[in-house]
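Convention: sequence-line order gives letters A, B, ...; per-chain numbering from 1.
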2 protein chains.
Amino acid sequence: MASISERRPPVMADVAKLAGVSHQTVSRVLNDHPNVRSETRTRVLEAIDRLGYRRNMVARALVTRHSRTLGVVSFDTTLYGPASTVYGIEQAARAAGYFVSIVSLKSIDKPGVRDAINYLTEQGVDGIVVVAPQRTAVRALDDVRLDRPVVAVEGGQARGLSVVAVDQVAGARMATEHLLELGHETVWHVSGPLDWLEAEGRVQGWRQALLDAGRAVPEPLTGDWSPRSGYEAGKSLAGMKDVTAVFVANDQMALGVLRAFTEAGVRVPEQVSLVGFDDIPESEFFSPPLTTVRQDFDAVGRSSIAVLLRQIDSEERAEHEHVVVPPRFVRRASAMAPR
Amino acid sequence: MASISERRPPVMADVAKLAGVSHQTVSRVLNDHPNVRSETRTRVLEAIDRLGYRRNMVARALVTRHSRTLGVVSFDTTLYGPASTVYGIEQAARAAGYFVSIVSLKSIDKPGVRDAINYLTEQGVDGIVVVAPQRTAVRALDDVRLDRPVVAVEGGQARGLSVVAVDQVAGARMATEHLLELGHETVWHVSGPLDWLEAEGRVQGWRQALLDAGRAVPEPLTGDWSPRSGYEAGKSLAGMKDVTAVFVANDQMALGVLRAFTEAGVRVPEQVSLVGFDDIPESEFFSPPLTTVRQDFDAVGRSSIAVLLRQIDSEERAEHEHVVVPPRFVRRASAMAPR
DNA sequence: GGCAAGGCTGTGAGCGCTAACATACAGTCT
DNA sequence: AGACTGTATGTTAGCGCTCACAGCCTTGCC
């Protein structure tokens, strides 16, 4: 009666005994090995079902040396961008039969990134995606020993690593050029925190578009992505008389700017045109609906997993890949020709 | 020279040899066992450092039978609520020395939930948090064999499971009563999808507040949490003459309602007062800033991990706990007394 | 009839770690 | 001095699985 009080979950040997085969045959059934008689197979399957057997993936991982789990290191997954990216990564990974272990850092500093990667490595993940939007995060990767494939998302050129990123420069260009084409003399800019590569890319695209058109380049204002920081920037902007067009580095800040303008009695788009970045679900319902630049986070997630898996599957360190995901301009009602 | 071409990562035995001790002593050092001479300890530590040794947690998990990893099953982590909850869970878990493996479902159906839990179980997680905001998700838990501790977040009463949830009813009450106190005759409601427990709770709180005050209970409109669905509801509402106050079940829909009102020339709050739910970062910068009910997702995350760990640590199935997190009313400018 | 070829199944070893026990040596007590 | 404590170490046996190989049976072919 010992076996009854034993509440230990069944193992392969238990299934084998019940089915009257060896544990190895059970293993073969589980792994879809071809050389198993179909009668044997059903017998084993029945035994598995009867016992409620579940394979111990930990033991399996120990011998196969891979866990079919991918690690993700990210930063503040409360923000729309990171959250969407991580979601895209997770979906793509699962579609490929992988699971995802996530470490979401509060702030991106070297020790944080190092610890996260070390932890994931210890856990035996087969590869790691680092969502590294900040310069610091990229540099942190230099100091970490990377035993296994790593791809950086939004990471910029990092020490010969594979990188998947949205073309921020092109997106900012689109936004700025749209405003210029509408007839604005120049375009002001509210940027994100400058240690973010995305912020930098957008500043760069904005500046280039202005320079290419031979326009004056106003001093950009700097925010921190939050609506509040956009609001502060908007208050400054509202006080200036020659501002007719503003490109804001993300939609949340654009909302803040919008609010500040509304409070100051500046009408958008009649007096000032506004273009954002990201296309968050809310943007379409701002007043006025926000013209913006959409980032395809799904595509970013899919690409990063594709690159990572390619790297995992090729024994020898594969070529480092560089995937650029194009942004898409979304025209709505917050930008129009100046009066 | 074989050892040079051997690119196999070092194992405990390698460290042991280099330090001139047994692998067991290395293990003791790694596990902070007290009975190790400090001289020996430093020798081992040095060897670890020199070899770049990293403990294989998979092997460790195989023998200790726990992985220090927690599973999280969630639904569309792109939404602010789930994203924030998962973030809170992840932070709390890591603070407790646990890591988090996430499965983010596209849609919550029984097979999805079952597979997710089975997968996580196979992976050897020590416990699972299910963010189960939908009725379906809760019922799915009934059909799944649960070998290990599970806590449901936002889950309602589920088959003697531990549950952590924000008090939706109380929150909706606050919102409705505020509107009533301002002098509105009654309050209309735009609800979330009714198979969501949160939506149901908010309907219930709203209705109770109305009933308690002896007011008419208008037929609620139903949305799907998205700004667009709020916009549609808002268009209907804008066409009705006796609407002076609306409680919208989340802030995103409230934005849609706001947009519809603006388009229809209905002024908020002068003609119609609006109260939302969630307090997303954007709400403060809507025009007008949105009066809403704040959910403390951090607290939800912390509580669920606390409950889960308590369950894991107590050998015998512990009492099922029921934690209720109170919401907080946030008064801003979208609600005022009727003219 | 003999023998190779192939399908199906079983046996043994070992992945890298920890738990339990065994051992060695110090110091303490009677 | 001998027995006894306690500390510091080593030895052995698995955890549950897969891999490599060995074995047996069938089948086909000369």
Side-chain angles (χ1 to χ4, degrees), chain A residues 6-45 47-48 51-69 119 121-126 147-148, chain B residues 6-45 47-48 51-69 119 121-126 147-148:
Chain A
E6 282 271 12
R7 267 278 150 269
R8 182 178 54 82
V11 298
M12 225 174 230
D14 301 325
V15 175
K17 192 155 64 179
L18 182 59
V21 296
S22 75
H23 63 123
Q24 178 57 15
T25 298
V26 177
S27 171
R28 276 191 270 257
V29 169
L30 252 19
N31 293 318
D32 291 317
H33 191 98
N35 292 351
V36 179
R37 231 184 343 155
S38 73
E39 192 215 316
T40 313
R41 183 185 307 276
T42 47
R43 204 141 35 88
V44 169
L45 256 17
I48 287 176
L51 292 176
Y53 167 75
R54 286 209 268 233
R55 160 154 65 172
N56 184 329
M57 295 305 249
V58 173
R60 178 173 214 252
L62 179 60
V63 33
T64 62
R65 298 162 161 296
H66 43 253
S67 57
R68 295 203 78 80
T69 297
Y119 160 74
T121 304
E122 279 186 351
Q123 290 296 305
V125 298
D126 296 341
D147 312 276
R148 53 205 73 198
Chain B
E6 281 271 15
R7 265 279 151 268
R8 183 179 52 81
V11 298
M12 225 173 230
D14 300 326
V15 175
K17 194 155 64 179
L18 182 59
V21 297
S22 75
H23 63 125
Q24 178 59 9
T25 297
V26 177
S27 171
R28 277 192 269 256
V29 169
L30 253 19
N31 293 319
D32 290 319
H33 190 97
N35 291 351
V36 178
R37 230 183 344 153
S38 73
E39 191 215 318
T40 313
R41 184 183 306 276
T42 47
R43 203 141 36 87
V44 169
L45 256 18
I48 287 176
L51 292 175
Y53 167 75
R54 286 208 269 232
R55 162 154 65 172
N56 183 332
M57 294 305 250
V58 173
R60 179 174 213 253
L62 180 59
V63 36
T64 61
R65 295 159 160 297
H66 43 253
S67 56
R68 294 202 80 76
T69 297
Y119 161 74
T121 303
E122 279 186 351
Q123 290 297 305
V125 297
D126 297 340
D147 310 278
R148 53 206 72 198

[X] to [Y] - nearest heavy-atom pair and separation:
X       : Y        : result
B:Ala16 : B:Ser22  : CB-C, 3.6 Å
A:Val58 : B:Gly124 : CG2-CA, 4.5 Å
A:Pro9  : A:Asp14  : O-OD2, 4.4 Å
B:Ser67 : B:Ala61  : CA-CB, 4.2 Å

Can you name the residues that form a side chain to side chain contact (heavy atoms under 4.5 Å, CB included) with A:Thr42, not counting sequence neighbours?
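Side chain to side chain contact (heavy atoms under 4.5 Å, CB included) list for A:Thr42, sorted by chain: empty.
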All side chain to side chain contact (heavy atoms under 4.5 Å, CB included) counterparts of A:Leu30, not counting sequence neighbours:
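Residues passing side chain to side chain contact (heavy atoms under 4.5 Å, CB included) with A:Leu30: A:Met12, A:Val26, A:Ile48, A:Tyr53, A:Arg55.
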Tell me, which of residues 21-28 of chain B have any heavy atom that sits under 4.0 Å from an atom in DNA chain D?
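Contacting residues: B:Val21, B:Ser22, B:His23, B:Gln24, B:Thr25, B:Arg28.
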Within residues 33-42 of chain B, find the residues that approach DNA chain D with a heavy atom at under 4.0 Å, and present them sorted by residue number.
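Per residue number, the list reads B:Pro34, B:Asn35, B:Val36, B:Arg37, B:Thr40.
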Using atom [atom1] of [X] as one end and atom [atom2] of [N] as the other, report the distance to the nearest whole Å.
X       : N      : atom1 : atom2 : result
A:Leu51 : D:dG16 : CG    : P     : 14 Å
B:Met12 : D:dG14 : CE    : P     : 20 Å
B:Met57 : C:dC17 : CE    : P     : 11 Å
A:Arg8  : D:dG14 : CZ    : C1'   : 12 Å

Is any side-chain heavy atom of [Y] closer than 4.5 Å to one of [X]?
X        : Y        : result
A:Val21  : A:Arg28  : no
B:Thr69  : A:Gln123 : yes
B:Arg148 : B:Thr121 : yes
A:Thr25  : A:Arg43  : no
A:Val11  : A:Asn56  : no

Rounded to the nearest 0.5 Å, what's the gap from CG on A:Leu62 to CZ on B:Arg60? Could you check?
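Rounded to the nearest 0.5 Å, the CG-CZ separation comes to 14.0 Å.
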Strictly below 4.0 Å, heavy-atom distances to any atom of DNA chain C: list the hits from residues 59-68 of chain A, or just say none.
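A:Leu62, A:Val63, A:Arg65 - these, ordered by number, are the residues of the stretch whose heavy atoms sit under 4.0 Å from the strand.
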All N/O contacts under 3.5 Å from nucleotides 22-24 of chain D to the protein, with atom names and distances to one decimal?
none

